[in-house]
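Working notes, structure below.
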2 protein chains.
Amino acid sequence: MNTPIDTRENLLHLATEIVQLVGYNAFSYRDLAGRAGITTASVHYHFPTKGDLALAMVERQRVLDRAVFSKLDVDVPDPFRRLQAFCAAMRRELENGRRMCLCGMLAAEHETLPPAAVEAVHAFFTDTEGWLGAVLLVGRQAGVVAFTGPAAPVAQALLSAVEGAMLTARAFGDLGRFDAATKWHLARLKP
Amino acid sequence: MNTPIDTRENLLHLATEIVQLVGYNAFSYRDLAGRAGITTASVHYHFPTKGDLALAMVERQRVLDRAVFSKLDVDVPDPFRRLQAFCAAMRRELENGRRMCLCGMLAAEHETLPPAAVEAVHAFFTDTEGWLGAVLLVGRQAGVVAFTGPAAPVAQALLSAVEGAMLTARAFGDLGRFDAATKWHLARLKP
DNA sequence: GTCTATAAGATGATAGAC
DNA sequence: GTCTATCATCTTATAGAC
C-alpha cells in the first residue's frame, strides 16, 4: 500500500521538481495536480495562491539545504573537500533530471514572484553564502584554502559561479561543462 | 513624425527587453503588441509562432553581440581590459532595466523552447566563448592574462561565472554583487 | 481534505476584410 | 501589413457538496 504520506510535503516535492525543470511560469497547478493524482482545487486548499506555493517551496528548500550543510560539516572534515562536496551536491540536481537549482531558476524569474518569495530566495542565497564563507575561513586557517581579504565576497563569487555553471551546463545538456567550470573555480582557491 | 522604422526589428527589440526582464514564459504576444502599438494578429504576421520569435530574438542578439566583440577588439587594445570591457557590457544590461542576459534567461527556460531556439542559444554561448577564448590567448601571449592549458575551458568558466553573477545580482537588485563577483574572477586571471 | 463544477480572464493562434 | 473578430485551450482561483 502506498502510505499516503503528507500531501502538502508531496506537493512541495513535486512542484519543486517541475519548477527546477521548466521554471515557475511554465509550471501550472494542473500539471502539479495531475502528477500528485488530485485536482487543482485540492492543491489550492494547501496553497491558496501560486505565490504561496512559491514561498513554501523556497522555505522547504532552505530547510533541506541547511540539513545538507550540517551533514557535510560532519561527513567531510577537510574544508576544501567540503567545497568540492557542495559542488557535487549541486551537480546531482543536474544528473537527476537536468534540474536547475530551485532558487537559481526563481532568481531568473524573480520579477514575476510575490515579494515574500523573492525575500525567501534572498535568504536562500544568504544562507548558502554564509555556510560557504565559514568553510572558506576554516579552510584558510587550516591552510587548505587560499584567498585574501574577507570571505563573504569570495563566497558570493563562488556561489554565483556555481549557479552559472548549472545554467550553461543544463542548456547544453553537458555535465562536463559543469565539472570543468567548477573544477576551474575551485582550483583558484587552492593554496 | 515617428519614422515607423522596421516593424520586425522594433518587435524583436521590444520582445528581447521583455524576455530579459520577466522571462520567455511570462512574456506574451499581448504585452508585446501593446508596447509596439499594434495587435497580436500583426505580431503573428511577423512571427507566426512564439518559438519563431524566440529563435529570431536569439539570432538578432548574436549579430548584435558579434558587432560588440568587433568593436571591443578595435577600441580596447589591451586583452585584459577587453575582458573587463566585456563584463562592463554585461553590466549595462543590469543597469539599464535590471535585465538578465537574453540567452542566460532562455538557458534557464530552455526546456520550454523549440529545438531550433535551443540550438541558437548554444550558438550564442559558443560565439561568446570563442571570442573570450581568443582574448584569453592573446592576453597570455602579451603577458597580461595568466592561465595554464587550453583557453576554451577557461572561457567557459568565465562566461558561466558572469552569467551567474548577473543572475544573483539581479535577484538582489544589487549591482555591487555583480561588480564584486566579476572583479574576483578577473583577478584570478591576472599574472 | 478532496471532490465537482464553474468562473473570469489570459494565451497562442487563425480567417478574412481592408 | 495591419486590422477585427474569433477560437480552443489553458490559467489561477472560488463555491459548495461530500
Side-chain angles (χ1 to χ4, degrees), chain A residues 1-19 21-58 60 105-106 109-118, chain B residues 1-19 21-58 60 105-106 109-118:
Chain A
M1 308 286 176
N2 288 336
T3 311
I5 328 176
D6 183 17
T7 301
R8 183 189 151 94
E9 167 63 19
N10 188 227
L11 286 173
L12 287 174
H13 169 74
L14 292 172
T16 298
E17 281 196 347
I18 303 173
V19 171
L21 191 65
V22 302
Y24 176 72
N25 291 301
F27 144 90
S28 74
Y29 270 50
R30 194 188 243 194
D31 187 8
L32 174 59
R35 298 195 200 209
I38 60 178
T39 65
T40 61
S42 299
V43 179
H44 277 286
Y45 167 80
H46 294 278
F47 308 99
T49 73
K50 203 180 174 185
D52 295 328
L53 177 51
L55 176 59
M57 275 189 281
V58 178
R60 170 177 171 274
M105 183 66 86
L106 294 180
E109 299 177 296
H110 81 273
E111 287 282 345
T112 65
L113 297 178
V118 174
Chain B
M1 309 289 174
N2 289 338
T3 310
I5 328 176
D6 182 17
T7 301
R8 184 190 151 91
E9 167 61 19
N10 187 227
L11 287 172
L12 287 174
H13 170 72
L14 291 171
T16 299
E17 281 195 346
I18 304 172
V19 171
L21 190 65
V22 301
Y24 176 72
N25 292 302
F27 145 89
S28 74
Y29 269 52
R30 196 186 243 194
D31 187 8
L32 174 59
R35 298 195 199 209
I38 60 178
T39 65
T40 60
S42 299
V43 179
H44 276 287
Y45 167 80
H46 294 279
F47 307 100
T49 74
K50 204 179 173 184
D52 294 329
L53 177 51
L55 175 60
M57 276 190 280
V58 179
R60 171 177 171 274
M105 183 67 85
L106 294 180
E109 299 178 293
H110 83 272
E111 287 281 346
T112 66
L113 298 178
V118 175

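By convention in this document, chain letters (A, B, ...) are assigned in the order of the sequence lines, proteins followed by strands, and residues within each chain are numbered from 1.
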A:Phe27 atom CZ is separated from D:dT12 atom P, nearest whole Å, by 7 Å
Shortest non-hydrogen pair, B:Glu111 vs A:Leu21, comes out as CG-O, 3.3 Å
Practice item. Could you walk me through whether B:Leu53 and B:Leu12 pass the side chain to side chain contact (heavy atoms under 4.5 Å, CB included) test, one step at a time? Key: CA-CA 8 Å; B:Leu53 177 51; B:Leu12 287 174; 3.8 Å; yes
Check your understanding: Do the side chain of A:Tyr29 and the main chain of A:Thr49 share a donor and acceptor less than 3.5 angstrom apart?
Key -> yes
Review point. Donor-acceptor pair, B:Glu109 side chain versus B:Asn25 backbone, under 3.5 Å?
Key: yes
Separation between CG (A:Leu14) and CE (A:Met57), nearest 0.5 Å, reads 11.0 Å
Of the listed C:dC3, D:dC10, D:dC3, the closest approach to the B:Ile38 side chain comes from D:dC3
From CZ of B:Arg30 across to P of D:dT9 the rounded distance in Å is 19 Å
- Are OP1 or OP2 of D:dG1 and a side-chain N or O of B:Ser42 less than 4.0 angstrom apart? no
Scanning both residues in full, the closest heavy-atom pair of A:Leu55 with A:Ala116 reads CD1-O, 3.5 Å
Rounded to whole Å, the CG-P distance (B:Asp31 to C:dG9) equals 19 Å
From the candidates C:dT11, D:dT4, D:dT11, the one with an atom nearest any side-chain atom of B:Ser28 is C:dT11
Looking at A:Thr39, I'd like to know whether one of its side-chain N or O atoms comes within less than 4.0 Å of OP1 or OP2 on C:dC3.
yes
Whole-Å distance, B:Leu32 CG to C:dT11 P, equals 12 Å
Quick tally for nucleotides 13-18 of chain D: nucleotides whose base has a protein heavy atom under 4.0 Å get B, sugar-phosphate-only ones S, the rest -, giving BBB---
Here the distance between atom P of D:dT11 and atom OH of A:Tyr24, to the nearest Å, is 13 Å
For this session: Please check the phosphate of D:dT2 (OP1 and OP2 only) for any side-chain N or O of B:Tyr45 closer than 4.0 Å.
Result: no
Closest non-hydrogen atoms of B:Arg8 and B:Ala56, given as atom of the first, atom of the second and distance, are NH2-CB, 4.0 Å
**Prompt:** Can a side chain N or O of A:Thr7 be found less than 4.0 Å away from OP1 or OP2 on C:dT2?
**Reply:** yes
B:Glu9 CD to D:dG1 C1', in whole Å, measures 17 Å
